[in-house]
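All figures in this text were calculated on a predicted structure; none of them were measured in a lab. The first residue of the sequence shown is numbered 1, and numbering continues consecutively from there. For ligands, and for the atoms within them, numbers begin at 1 and follow the listed sequence.
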Amino acid sequence: MPVVRTLSKVAKQALLSTPGCGCQPLTVAVRNISFSPRQVTSDASFHSVSFSETDHPKVLITGGLGQLGVGLAKLLRKRFGNNNVILSDIRKPPSHVFHSGPFIYSDILDYKNLREIVVNNRITWLVHYSALLSAVGEANVPLARAVNITGLHNILDIAAEHGLRLFVPSTIGAFGPTSPRNPTPDLCVQRPRTIYGVSKVHAELMGEYYHHRYGLDFRCLRYPGIISADSQPGGGTTDYAVQIFHDAVKTGKFECNLKPDTRLPMMYIDDCLRATLEVMEAPADTLSMRTYNINAMSFTPEELVQEVQKQLPDLEVTYDVDTVRQAIADSWPMNFDDSNARNDWGWKHDYDLPELVQTMLNFIGSETRIARAN
Ligand SMILES: NC(=O)c1ccc[n+]([C@@H]2O[C@H](COP(=O)([O-])OP(=O)(O)OC[C@H]3O[C@@H](n4cnc5c(N)ncnc54)[C@H](O)[C@@H]3O)[C@@H](O)[C@H]2O)c1
Ligand SMILES: C[C@@H](O)[C@H](N)C(=O)O
């Protein structure tokens, strides 16, 4: 029943915000746009965002309270100034996030709310992080479809109409069992078997279509599984690679939900966020494509355990395989070919497996020592 209730709520919101209702006052903004992606009214005003290279961008991050958004806001605020980066989400921010810089409520299914935020804050860059990840997406397909697909349509239209530079992350999950898996190149068969993957292929194709059709400055990186110490993953297949560090430090025991030999591409969060900033700042003429694989390392649970046990030899590991996650992982890339990102805009990762493990254990270890002392 909760699924049905959520679906009808989502459907109502979606209906209220779809272009088909004809209730949007519409604008066209972008260079090279012959007409707006949403129908243009006869008295539409034509704004163009003047954003000179010397100005700092004014950034909005959607879905900013998940694993990646707070860290990205911190990085972008350091570069562009605190007030130039607005975090948004539909959840209530913890106090330290609320007090660290601008935060605003934004539901990406509410088109008018999004447009108001973009207009009132003179947003020039939009980083679209809202999504349901692979495992939670399979648990609630209607909601994943609404957030990841309908929500994306709102984002694309807002970005095109207001001349924004738009970043949408994709994922290793945008590939499937018929893709080459070791390594997976940028351009190959993409037939994912999750709603998450399907929605991300859709996002890649729609973003590229809007780029060619309307001149939208769309930029997209396919992230591997991201590993972070101070933020929790939101329900994906790669979550085990974060959880192991917390359990190893706190209890000395870890139960892994993937088989020991499941190889997946992974990356430390600092590399992921830096890549995001770098591709957003890359001169357009260096981008031969609009969607790039990025990678850092690739490992199995067994290899990760061995590396953690070099620091914590008493760590005990058992395996209790989650069949949904295992099936997803078995259809994803084992290694990611990111040579185009490296050649085009100079992508280079800093963290390999040993540095990742050391950094995670240092961070979680010191946090745990502080918590125990208080
Ligand atoms: N974390 C990873 O390993 C990883 C890997 C590849 C790609 N990505 C992509 O990066 C992005 C960010 O990932 P994350 O790990 O921070 O995700 P997350 O699941 O931790 O956070 C997603 C956020 O979206 C918000 N959200 C859900 N519905 C919303 C709505 N209707 N309106 C606004 N916000 C809504 C949630 O409240 C949540 O805070 C996602 O698009 C994800 O697909 C992440
Ligand atoms: C890989 C990525 O997209 C996410 N961490 C997931 O597992 O769903």
Side-chain angles (χ1 to χ4, degrees), residues 6 9-10 13-14 17 60-73 87-94 97 103-111 113-114 117 126-140 143-152 154-155 167-175 192 194-197 199-204 220-228 231-243 257-258 262 264-269 271-273 275-276 291 293-296 298 322 324-326 328-329 331-333 336:
T6 315
K9 203 168 143 202
V10 163
Q13 281 176 310
S17 60
L60 175 67
I61 303 174
T62 69
L65 295 184
Q67 186 189 2
L68 306 184
V70 173
L72 184 69
L87 260 184
S88 71
D89 208 298
I90 51 172
R91 295 192 278 144
K92 194 168 160 186
V97 172
F103 177 86
I104 202 161
Y105 171 87
S106 172
D107 181 347
I108 57 152
L109 293 173
D110 183 346
Y111 178 84
N113 166 247
L114 258 181
I117 292 169
L126 181 46
V127 177
H128 178 47
Y129 269 175
S130 310
L132 263 66
L133 303 194
S134 58
V136 293
E138 289 312 292
N140 193 343
L143 186 62
R145 196 184 66 184
V147 173
N148 296 8
I149 298 178
T150 308
L152 174 90
N154 287 339
I155 294 287
F167 179 81
V168 180
S170 185
T171 162
I172 49 173
F175 297 93
T194 59
I195 185 63
Y196 178 60
S199 69
K200 289 295 186 178
V201 176
H202 177 74
E204 294 175 6
C220 174
L221 297 179
R222 295 191 190 104
Y223 294 161
I226 305 302
I227 299 169
S228 59
S231 58
Q232 290 299 321
T237 303
T238 57
D239 293 10
Y240 90 86
V242 176
Q243 196 57 41
N257 57 20
L258 293 183
T262 311
L264 291 168
M266 301 278 185
M267 180 178 284
Y268 184 56
I269 188 167
D271 276 339
C272 164
L273 302 180
T276 305
T291 302
N293 293 351
I294 51 163
N295 199 18
S298 195
D322 173 326
V324 173
R325 283 184 165 85
Q326 188 64 48
I328 294 173
S331 73
W332 281 3
F336 227 23

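- Distance from atom 43 (O) of ligand 1 to its nearest protein heavy atom, with residue and atom name: Tyr196 OH, 2.6 Å.
- With ligand atoms numbered from 1 in the order given, ligand 1 contributes 6 (C), 7 (C) to contacts under 4.0 Å with heavy atoms of Ser170.
- Checked by distance only, ligand 2 and Thr171 come closer than 3.5 Å through their nitrogen or oxygen atoms.
- The shortest contact between atom 21 (O) of ligand 1 and any protein heavy atom is with Gly66 CA, 3.3 Å.
- The single protein non-hydrogen atom nearest to atom 41 (O) of ligand 1 is Lys200 NZ, 2.9 Å, given as residue, atom name and distance.
- A donor and an acceptor atom, one from each side chain of Thr194 and Ser134, are nowhere located under 3.5 Å apart.
- Residue Thr62 places no heavy atom under 4.0 Å from ligand 1.
- Within the 4.0 Å heavy-atom criterion, both parts of Thr237, backbone and side chain, lie near ligand 2.
- Residue Tyr223 has no N or O atom closer than 3.5 Å to an N or O atom of ligand 2.
- Looking from atom 34 (N) of ligand 1 to the surrounding protein, the closest heavy atom is Ser130 OG, 3.1 Å.
- Residue contact check: Thr171 has heavy atoms under 4.0 Å from atoms 6 (C), 7 (C) of ligand 1.
- Between Asn140 atom CG and Arg145 atom CZ the span is 11.0 Å, to the nearest 0.5 Å.
- In this structure, OG1 in Thr262 is found 12.0 Å from CD1 in Ile328, a value given to the nearest 0.5 Å.
- Nearest protein heavy-atom contact of atom 4 (C) of ligand 2 is Thr238 OG1, 4.0 Å.
- Between Asp239 and Arg325, some side-chain heavy-atom pair lies under the 4.5 Å cut-off.
- Side-chain contact between Phe103 and Asp89 is present, with at least one heavy-atom pair separated by less than 4.5 Å.
- Ser88 contributes no side-chain N or O that, together with a main-chain N or O of Tyr105, makes up a donor-acceptor pair within less than 3.5 Å.
- Near Asp107, the atoms of ligand 1 lying under 4.0 angstrom from a non-hydrogen atom of the residue are 30 (C), 31 (N), 32 (N).
- Atoms of ligand 2 lying under 4.0 Å from at least one heavy atom of Tyr196, given by number and element, are 2 (C), 3 (O), 8 (O).
- Of the polar atoms of Ile90, none of the N or O atoms is found under 3.5 Å from an N or O of ligand 1, judged by distance alone.
- Of the possible donor and acceptor atoms, none in the side chain of Thr171 sits under 3.5 Å from a partner among the backbone N and O of Arg222.
- Not one N or O on the side chain of Asn148 forms a donor-acceptor pair closer than 3.5 Å with the backbone of Ala131.
- Heavy-atom proximity to Leu133, at under 4.0 Å, picks out these atoms of ligand 2: 8 (O).
- Those atoms of ligand 1 that come under 4.0 Å of a heavy atom in Pro169, given as number and element, are 9 (C), 10 (O), 11 (C), 41 (O).
- Close N/O approach between Ile226 and ligand 1 is found [any backbone or side-chain N/O within under 3.5 Å].
- When each atom of ligand 2 is checked for a heavy atom of Trp332 under 4.0 Å away, the hits are 1 (C), 6 (C), 7 (O), 8 (O).
- Interface of Ile172 with ligand 2, defined as ligand atoms under 4.0 Å from a residue heavy atom, comprises 1 (C).
- With a 4.0 Å heavy-atom cut-off, ligand 2 is reached by no atom of Ile226.
- Note: Ile226 CD1 to Ser231 OG = 10.5 Å, rounded to the nearest 0.5 Å.
- Between Gly234, Gly71, Ala131, it is Ala131 that holds the heavy atom closest to atom 22 (C) of ligand 1.
- The closest protein non-hydrogen atom to atom 6 (C) of ligand 1 is Tyr223 CB, 3.3 Å.
- Between His128 and ligand 1, not a single N/O pair is under 3.5 Å apart.
- In terms of protein heavy-atom proximity, atom 40 (C) of ligand 1 is closest to Tyr129 O, 3.2 Å.
- Side-chain contact check for Ser170 and Glu204: at least one donor-acceptor pair (N or O, by modelled atom type) lies under 3.5 Å.
- Tyr240 places none of its side-chain heavy atoms less than 4.5 Å from the side chain of Asp322.
- No donor-acceptor pair closer than 3.5 Å links the side chain of Asn154 to the backbone N or O of Gly151.
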> Hey, mind stepping through Tyr196 and Val136 against side chain to side chain contact (heavy atoms under 4.5 Å, CB included) and telling me if it holds?
Replying inline: CA-CA 9 Å; Tyr196 178 60; Val136 293; over 6 Å; no
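- Rounding to the nearest 0.5 angstrom, the gap separating the CD1 atom in Ile104 from the CD1 atom in Ile117 is 4.5 Å.
- The residue Arg222 has no part lying near ligand 1, judged by heavy-atom distances below 4.0 Å.
- Atom CD1 of residue Ile61 and atom CG of residue Leu87 lie 5.0 Å apart, to the nearest 0.5 angstrom.
- In this structure, Ser106 has a heavy atom closer than 4.0 Å to ligand 1.
- From Leu152, atom CG reaches atom CD1 of Ile108 across 7.5 Å, with rounding to the nearest 0.5 Å.
- Counting heavy atoms from C-beta on, the side chains of Ser106 and Asn113 come closer than 4.5 Å.
- At least one N or O atom of Leu68, backbone or side chain, sits closer than 3.5 Å to an N or O atom of ligand 1.
- Checked against a 3.5 angstrom limit, the closest N/O atoms of Asp89 and ligand 1 fall inside it.
- Only the side chain of Leu133 comes within 4.0 Å of ligand 1, judged by heavy-atom distances.
- Residue contact annotation: Pro224 has a non-hydrogen atom under 4.0 Å from ligand 1.
- The closest non-hydrogen atom to atom 6 (C) of ligand 2, taken over Pro233, Ser134, Gly234, comes from Ser134.
- Both the backbone and the side chain of Gln67 come within 4.0 Å of ligand 1, judged by heavy-atom distances.
- Of all non-hydrogen atoms in Ala203 and Val168, the two that sit nearest each other are CB-CG1, 4.3 Å.
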